[in-house]
Each structure stands twice: as structure tokens, then as C-alpha cells.
Amino acid sequence: MLKKFFLVVCGSFVGSFLALFFFTITSILMSFVIFGLMSSKMGVKVEDNSILYIRLEGELQERPSEMNQFMAMLTDEQPSQDLSTLIKSLELAKDNDKIKGVYLDCRGMASGMSSLYELRNAIIDFKKSKKFVYAFGDEGIMQSDYYLASVADSIFLNPEGAVDIHGLGAATPYMKNLLDKVGVEMQVVRVGTFKSAVEPYMLSEMSEANRLQQEHYLGSLWGVISKDIATSRKIDMAAFNGLTDSVMLTMSTQELMQNKIVDHLCYRTEMEDKLRKKTDVEMKDDLKLVTPAQLVLTDNKKKDDDKQIAVIYATGEIDGSTSSVPGMGEEGINSESMAATIRDLQYDENVKGLVLRVNSPGGSAFGSEVIWKAIEDFKKSGKPVAVSMSDYAASGGYYISSGAQRIFAEPTTITGSIGIFGVIPNASNLINNTLGVKMEEVTTNKNAIAGTLYKPLSEQQYAALQRMVERGYDLFTRRCAAGRHVSQDSIKSIAEGRVWDAVTAKNIGLVDEFGGLQSAISWVAKKAGVGDDYSIVNLPNEDINFMSMFGQMSRTKAEEDMQRRMGMFYTYYEKLQAILGREQVLCLMEPVEIDF
């Protein structure tokens with residue numbers, strides 16, 4: 001028996017040792033592979049008569065991700081593209097004599113409207129070089145891709161292709177009837193007539209207030225987008241909206257040409273021949289295509305490391321999982337970690353200023369306050385701080401933005417939603433009646449057990465939670481008033497949880513200036529007096545390790561499998577999971593999904 005025990009112990013030890021040994025060896029080998037790949041990429045050279053090739057495909061991220069690129073190598077998938085690299089590549093291509101033009105390959109890229117607006121402006125700026133911009137769609141051109149393609153010198157389409165321009169629409173699943181059927185009641189405390197994030201759990205249909213605000217901001221956003229497209233394509237606005245209403249997806253390619261939606265029809269091989277001719281490349285030779293990532297790697301301009309502008313990306317939900325908004329990543333914003341990063345920058349002598357890049361629908365009210373306080377402390381150092389709003393900077397996203405000395409946004413940014421709510425599920429009917437489970441309690445005080453799934457809140461508990469939410473709302477509006485240098489009453493008059501488009505937000509004082517990330521960086525650099533020789537530090541740093549990579553791959557695969565099995569019901573499952581997993585009072589925008 002003793003011998004057998006030792007054999008088992010020794011076997012377990014040897015097995016563990018071998019597993020650790022092989023994992024270590026694998027990690028070392030992978031490190032060499034990554035180093036080799038990075039070294040080879042650093043040797044990228046741009047040849048004469050090259051074209052900047054922008055493949056509009058996949059999900060557009062806010063910033064580069066080494067982990068995403070490495071995972072793409074392992075899975076043979078197209079790496080996620082990021083806005084900063086695309087914009088930087090266009091800036092470099094504009095002044096690079098070896099780059100003769102830009103080729104937009106429209107394959108369907110998922111992105112928020114503000115990111116596309118910023119990228120579109122970068123393409124317009126590139127065109128000042130008088131170099132060509134061609135756009136091509138094979139099977140079809142999605143509306144988001146077309147918004148970018150509309151600034152091209154010529155739009156080419158496969159003779160059997162299509163263009164899908166349909167306007168903007170927002171869909172919100174209302175789940176009260178479903179919850180009633182399973183015996184779950186969502187007990188809601190909130191402040192703000194327009195704070196509609198809780199509506200799907202307490203109503204069976206949209207309120208008039210929510211419909212009003214959605215009609216307003218969607219109308220304003222489409223006004224910007226449709227005007228941009230119509231102006232670039234030289235189409236009358238009324239005529240363009242008429243085409244939009246005519247189910248453009250079903251139009252023949254000849255009709256699309258007649259209505260100036262596209263310029264030429266050709267197959268992909270013919271498109272490539274046109275590009276060869278445009279760049280004096282022989283028909284038998286390959287096109288000299290340079291990707292944005294490759295072009296950015298050729299930028300060797302030396303910047304002063306003692307003159308740094310820090311850019312912190314606040315992307316996703318604050319202290320929670322992100323919503324299904326393109327570009328928001330998976331992890332969300334960790335308020336404690338972000339506040340610590342801001343405090344470190346406050347005392348870093350090399351850092352001369354800060355830009356907070358916000359792409360967030362909000363989240364934890366407490367987490368928002370933690371980040372707000374860190375920004376306030378940073379300002380005491382005398383260093384300038386600005387906010388650059390991306391697609392969303394709403395609710396808690398606006399909370400953390402409000403203290404900045406200057407707030408930049410694009411006209412297509414969604415912001416506001418100044419309000420607070422809390423949701424406490426009550427599944428007593430499901431647990432007690434449907435499942436037949438009876439919960440027995442023994443307590444010393446009447447509120448010793450509160451906010452549980454198996455019983456509803458008492459009137460006293462409900463009232464206490466409402467008072468807490470109202471205090472939070474008062475604090476939120478005070479923070480906004482102080483940051484914007486206006487009275488609290490003036491903030492309350494435009495708050496009430498209402499979501500605003502940035503055009504309206506600028507008119508009512510929630511935003512200072514239209515502009516993208518570079519505009520905010522330039523403003524901070526000027527205020528800091530660092531000239532043009534500053535370097536940019538992107539934060540938070542990306543912590544890459546193989547265990548997290550493999551873990552993320554496994555989670556992604558599991559989520560994809562579940563989504564495939566559940567189909568349309570996966571959306572409801574996600575939203576219920578999110579609500580059940582939250583315990584804090586929230587500053588969170590309504591869970592609206594905009595079809596763009």
C-alpha cells in the first residue's frame with residue numbers, strides 16, 4: 001500500500017514537472033517566434049509606386065493590440081484593425097512620395113459612427129496631396145463602408161454587386177413579458193425621465209420619452225451622415241434620401257450608376273489591372289500594396305521622451321463587461337486600475353499632459369466617481385487634461401469626462417445620459433411557485449437579509465434605495481456643473497438621463513469643440529508648451545501572456561458556440577446575465593443597438 005502511495009505521488013510530481021517543463025519550452029519558443037515576426041516587420045520597406053491598401057473588414061478597434069495580432073496568427077483570421085493605425089498611416093502616406101494613392105477594399109467593417117467620421121476626415125485630409133483614392137466593392141458595399149468610400153475619387157462595383165444604404169435604426173429588446181412568464185420582477189430605482197436603460201425590464205414597450213430622445217439623436221446623426229455622402233457624391237439631399245427609402249439594396253448596378261451612387265462597374269481582377277495601370281506596374285507583376293500597419297512601422301521619427309503626452313483609453317463599461325458596441329473590446333474599464341495609472345502620471349515628470357479617450361456607455365456610479373477624482377487630482381499638478389470622445393461617452397462615460405479642461409467630440413458622437421439607476425431582480429415567484437423552493441430565514445434585525453432573489457424589497461428598503469440613487473444623481477450633476485463651470489440647475493435642465501448627439505451637446509454646453517483624438521492631443525501639447533517634439537504614450541499598457549491568450553481563445557470559442565445554438569435568443573441571455581451580474585448603482589446609457 002505504501003509503495004503504491006509513493007508511486008502515485010511520484011507519478012503526479014513527474015507529470016506536473018513535465019507539464020510545466022513543456023509549457024515553459026513552448027512559451028520560450030513562442031517568444032522567439034513573436035520576436036522574429038516583429039523583427040521581420042521592422043524591416044518593412046516601401047517601394048516606389050506603392051498603394052496604401054485599407055481593407056475594410058472585421059471590427060474596428062480604438063487602439064493597436066499585440067494580443068489580437070498574435071491570436072490572428074494562431075487562428076488564420078484577419079487581425080482586428082484599429083483607428084489610430086489607420087489614421088496614422090494616412091498621415092504618413094500623404095507625405096510619402098513612394099505612395100501613389102489609397103485603395104479602399106470594401107468588405108464590411110463594423111464600427112461606431114464617430115470612428116468612421118474621424119477616419120473619413122483623415123481620408124479627406126489625405127486627398128489634399130492630390131494622390132488618388134479608389135474604392136471597390138465586390139459582392140456589395142455596406143452603408144458603413146460606403147460612408148468612407150463616398151469621398152473616393154471613383155467608386156467601383158462588381159457588375160453583380162449591390163450597395164446597401166438604408167439610414168439609421170435603433171432596436172431595443174423589451175423583456176418584461178418574458179420576465180413575467182418566468183416569474184422574475186425587476187425592481188427599479190432611478191432618477192431621470194429619460195433614463196431609459198431600465199425600460200426593457202420594467203415595460204413591455206418603449207416610453208414616449210425614450211422614443212422622443214431616440215428620434216432626436218438618430219435624426220441628428222443621420223443628418224450629418226446623409227449630408228456628408230450627398231455632398232461628396234454631388235447628389236441633391238432630397239434625392240439622396242429618396243434613394244435611401246427605395247430599398248437601395250435591390251437596385252441593379254445600372255440604376256446605381258444612373259443615380260451616381262457608384263461610378264464604374266468591374267470585376268476584382270479588372271480593378272487590380274486598373275490599379276496596376278494607375279501606378280505604372282506591369283500587368284504580369286504583383287501590385288505593390290502596403291498595409292496601414294506596415295506603413296506605420298516605417299515611421300522612425302525620434303521624439304523627446306522627456307516630453308510625453310499620455311493618452312489613456314477608457315473603453316467599455318466601467319467596472320463591468322462591455323456592451324456589444326464595436327470597438328469596445330472585452331474587458332471594460334477597471335476604475336481602480338485607471339485611477340492608479342492617472343495618479344502615476346500626475347507625478348511623472350516626463351508626462352506633460354493627459355488625454356482621456358472615452359468610448360464608454362457608462363457603468364458603475366462609484367467607479368465613475370473614482371476616475372473623476374483621479375482626474376481632479378491630476379489637474380492639481382498644473383498639467384493640462386482634455387477628453388476625446390469616440391463613439392460613446394454617455395452616462396458614466398460623461399461623468400469621467402466632465403472634469404476635463406476641454407472636451408472634444410465628433411458630430412456623430414453619442415453623449416449625455418446624465419442619470420442614475422439601480423435594478424434589483426425579484427425572482428420570488430420563480431423560486432417559490434414555479435420551482436417549489438421555500439426559503440426560511442432567521443435574522444436579528446428586519447433588514448438583515450435584503451435585496452435577495454427570493455423575496456421582494458420592502459417599502460422601507462425601496463425608499464432607502466431611492467434616496468441613495470437621488471443622492472448619486474445630485475452628486476453626478478454637481479460634478480458636471482463644476483466641470484462645465486455652470487450652475488447645477490442648468491445641468492439638471494438638460495440631464496434627466498437624456499441621451500444627446502454631439503451637435504446638440506455642443507449647443508447646450510456639454511461639449512466644447514468638434515475634433516478627433518489628434519485635435520485633443522494637439523490642444524494638450526499647446527497648453528503644455530511642448531512644441532511638436534513630444535512623444536505619445538498609449539495607456540493602459542497591454543499585458544501579454546500566453547495563459548491569458550489561450551484563455552481568451554477558449555472563452556471566445558465557447559461564446560461563439562453558445563451564440564450559434566441560441567440564435568436570436570442569445571441577445572436576451574446576454575442582457576439578463578449583465579443585469580444579474582451587477583451589484584452597484586449604475587450610470588449607464590440605454591442598451592440601444594444602432595444599425596449602421
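Values in this document were obtained by computation on a predicted structure and should not be read as measured data.
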request  = Mark yes or no for whether Thr341, through its side chain, and Ser337, through its backbone, hold a donor-acceptor pair below 3.5 Å.
outcome  = yes
inquiry  = Is it the case that the side chain of Arg190 and the backbone of Val469 share a donor-acceptor pair, with hydrogens and angles ignored and the cut-off at 3.5 Å?
reply    = no
ask   = Just by distance, do the side chain of Gln405 and the backbone of Ala386 share a donor-acceptor pair under 3.5 Å?
value = no
task = Step by step, work out the side-chain contact (heavy atoms from CB on, under 4.5 Å) result for Leu168 and Asp595.
result = CA-CA 6 Å; Leu168 298 181; Asp595 179 17; over 6 Å; no
With Ser390, the side-chain hydrogen bond (donor to acceptor under 3.5 Å, both in side chains) member among Glu62, Glu410, Glu118 = Glu62
message = Is there a side-chain contact (heavy atoms from CB on, under 4.5 Å) between Ile312 and Leu354? Walk through the geometry before answering.
response = CA-CA 8 Å; Ile312 296 182; Leu354 170 64; 3.7 Å; yes
ask   = Mind checking whether Arg120 and Ser150 have side chains closer than 4.5 Å, heavy atoms only?
value = yes
ask   = Is it true that a side-chain atom of Ser220 and a backbone atom of His216 form a donor plus acceptor pair closer than 3.5 Å?
value = no
ask   = Does the side chain of Leu52 come within less than 4.5 Å of Ile54's, by heavy atoms?
value = yes
inquiry  = Quick check against the 3.5 Å criterion: does Trp500 have a side-chain atom that pairs as donor or acceptor with the backbone of Ala495?
reply    = no
task = Take Thr315 and Asn359 through the test side-chain hydrogen bond (donor to acceptor under 3.5 Å, both in side chains) and record every step on the way to the result.
result = CA-CA 5 Å; Thr315 303; Asn359 193 17; 5.4 Å; no
key: Donor-acceptor under 3.5 Å (Tyr146 side chain, Ile229 main chain)   = no
ask   = Under the side-chain hydrogen bond (donor to acceptor under 3.5 Å, both in side chains) criterion, do Gln461 and Asn447 qualify, and how do the steps go?
value = CA-CA 8 Å; Gln461 292 164 352; Asn447 292 314; 2.8 Å; yes
message = Quick one, Arg357 with Leu539, criterion side-chain contact (heavy atoms from CB on, under 4.5 Å). Give me CA distance, side-chain angles, the key distance, then yes/no.
response = CA-CA 10 Å; Arg357 173 70 168 182; Leu539 298 167; over 6 Å; no
query = Can you check whether Ser487's main-chain N or O pairs, donor with acceptor, with Ser490's side chain at less than 3.5 Å?
reply = yes
ask   = Does the pair Asp512 and Arg484 meet the rule for a salt bridge (charged side-chain N to carboxylate O under 4.0 Å, His left out), with working shown?
value = CA-CA 9 Å; Asp512 293 306; Arg484 304 309 296 158; 2.6 Å; yes
key: Rounded distance [0.5 Å steps], OH in Tyr392 versus CD1 in Ile414   = 4.5 Å
ask   = Would you say Glu185 and Pro425 make side-chain contact, with heavy atoms under 4.5 Å?
value = no
Electrostatic pair Lys128:Asp125 at N-O distance under 4.0 angstrom = yes
query = Thinking salt bridges, do Lys88 and Glu91 make one under a 4.0 Å N-O criterion?
reply = yes
task = Verify, without hydrogens or angle tests, whether Ser395 (side chain) and Gly362 (backbone) share a donor-acceptor contact under 3.5 angstrom.
result = no
ask   = Charged N to carboxylate O below 4.0 Å: is that the case for Asp533 and Lys307?
value = no
request  = Inspect the surroundings of CD in Glu336 and state if more than 12 heavy atoms from other residues, nucleotides or ligands are less than 6.0 Å away.
outcome  = no
ask   = Between Gln308 and Tyr534, is a side-chain hydrogen bond (donor to acceptor under 3.5 Å, both in side chains) present by the stated rule, with each step listed?
value = CA-CA 5 Å; Gln308 297 177 356; Tyr534 59 88; over 6 Å; no
remark   = ring-ring contact (aromatic ring centres under 6.0 Å, His included) filter on Phe476, not counting sequence neighbours, yields Tyr399
inquiry  = Counting only heavy atoms from other residues, nucleotides and ligands, does the tally under 6.0 Å from NZ of Lys176 exceed 12?
reply    = no
request  = Identify whether NZ of Lys or CZ of Arg in Arg498 sits under 6.0 Å from the centre of the six-membered ring of Phe194 and within 45° of that ring's axis.
outcome  = yes
query = Looking at Lys492 and Asp489, does any basic side-chain N land under 4.0 Å from a carboxylate oxygen?
reply = no
ask   = Looking only at atom types and distance, does a side-chain atom of Lys379 sit under 3.5 Å from a main-chain N or O of Gly403, one as donor and one as acceptor?
value = yes
inquiry  = So does Lys380 get a backbone contact from the side chain of Lys383, meaning a donor-acceptor N/O pair under 3.5 Å?
reply    = no
query = Does Glu496 pair with Lys195 as a salt bridge, N-O distance under 4.0 Å?
reply = no
task = Report the C-alpha distance between Tyr117 and Val224 in whole Å, list the side-chain angles of each, state the deciding distance to 0.1 Å, and finish with yes or no for side-chain contact (heavy atoms from CB on, under 4.5 Å).
result = CA-CA 10 Å; Tyr117 185 92; Val224 172; 3.9 Å; yes
ask   = Do Ser388 and Val358 touch side chain to side chain, with heavy atoms closer than 4.5 Å?
value = no
inquiry  = I'd like to check Val355 versus Ile309 (side-chain heavy atoms, cut-off strictly below 4.5 Å). Are they in contact?
reply    = yes
inquiry  = As a quick check of understanding, evaluate salt bridge (charged side-chain N to carboxylate O under 4.0 Å, His left out) for Glu369 and Arg479, giving each step before the final call.
reply    = CA-CA 9 Å; Glu369 171 72 7; Arg479 298 304 191 215; 2.7 Å; yes
Sole residue of Asp82, Asp391, Thr413 in side-chain hydrogen bond (donor to acceptor under 3.5 Å, both in side chains) with Ser115 = Asp391
request  = Report yes if the side chains of Val311 and Ile521 come closer than 4.5 Å at any heavy-atom pair, otherwise no.
outcome  = yes
request  = Check whether any side-chain heavy atom of Met206 sits under 4.5 Å from a side-chain heavy atom of Glu199, and report yes or no.
outcome  = yes
inquiry  = Within the 4.5 Å heavy-atom criterion, are Thr172 and Gln214 side-chain neighbours or not?
reply    = yes
